[in-house]
Amino acid sequence: MLSIPDGHGAPPIALESETAEEARLNTRKNIENGVNAIKGAGSDMQDFTALTLLLSKHHR
């Protein structure tokens with residue numbers, strides 16, 4: 001699970017990302033550990049949208 005700082009699930013079950021680079025790094029960490037899905041969480045819809053946009057850049 002990925003989250004913005006202090007977002008839903010952070011920090012006990014989510015890796016927090018403040019920048020696009022951190023989001024990419026945390027996505028890679030999850031994939032290297034064998035996950036087959038990445039869940040993004042924020043404290044509200046705007047945060048979730050921002051995290052989704054960061055992650056979508058990683059998959060281009």
Side-chain angles (χ1 to χ4, degrees):
M1 178 184 239
L2 300 179
S3 176
I4 61 159
D6 298 321
H8 179 74
I13 62 170
L15 297 175
E16 297 173 290
S17 304
E18 288 189 34
T19 66
E21 185 57 36
E22 286 179 352
R24 287 189 288 270
L25 177 63
N26 287 332
T27 299
R28 284 188 208 109
K29 285 180 184 178
N30 276 302
I31 292 169
E32 289 169 1
N33 284 312
V35 303
N36 57 10
I38 302 289
K39 178 179 181 176
S43 57
D44 59 31
M45 190 55 145
Q46 182 177 359
D47 293 337
F48 180 75
T49 301
L51 183 58
T52 301
L53 291 173
L54 289 175
L55 293 174
S56 68
K57 291 179 182 180
H58 173 70
H59 291 288
R60 290 184 182 182

Inset, instruction - For N30, enumerate each residue passing the side chain to side chain donor-acceptor pair (under 3.5 Å) test, keeping only those at least two apart in sequence or located in another chain. - result: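 Partners of N30 under the side chain to side chain donor-acceptor pair (under 3.5 Å) test: none.
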Kindly compute the distance separating [atom1] ([X]) from [atom2] ([Y]), expressed to the nearest 0.5 Å.
X: L15; Y: I38; atom1: CG; atom2: CD1; value: 8.5 Å
X: N33; Y: R28; atom1: CG; atom2: CZ; value: 14.0 Å
X: S17; Y: L25; atom1: OG; atom2: CG; value: 8.0 Å
X: L2; Y: T27; atom1: CG; atom2: OG1; value: 4.5 Å

Legend entry - Same apolar cluster: M1 and V35, side chain cutoff 4.5 Å: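 No, it is not one cluster - the side chains of M1 and V35 are not joined through contacts under 4.5 Å.
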Inset, instruction - Flag the pair K29 and E32 as a salt bridge only when some basic side-chain nitrogen lies within less than 4.0 angstrom of an acidic carboxylate oxygen. - result: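 Looking at K29 and E32, the cut-off is not met.
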Legend entry - side chain to side chain contact (heavy atoms under 4.5 Å, CB included) partners of P5, counting only residues at least two apart: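 Testing P5 for side chain to side chain contact (heavy atoms under 4.5 Å, CB included), a comparison that skips the adjacent residues, returns E16, E18.
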Legend entry - Closest approach of A10 to P12 (non-hydrogen atoms, all atoms of both residues):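 Result for this residue pair: C-CD, 3.1 Å.
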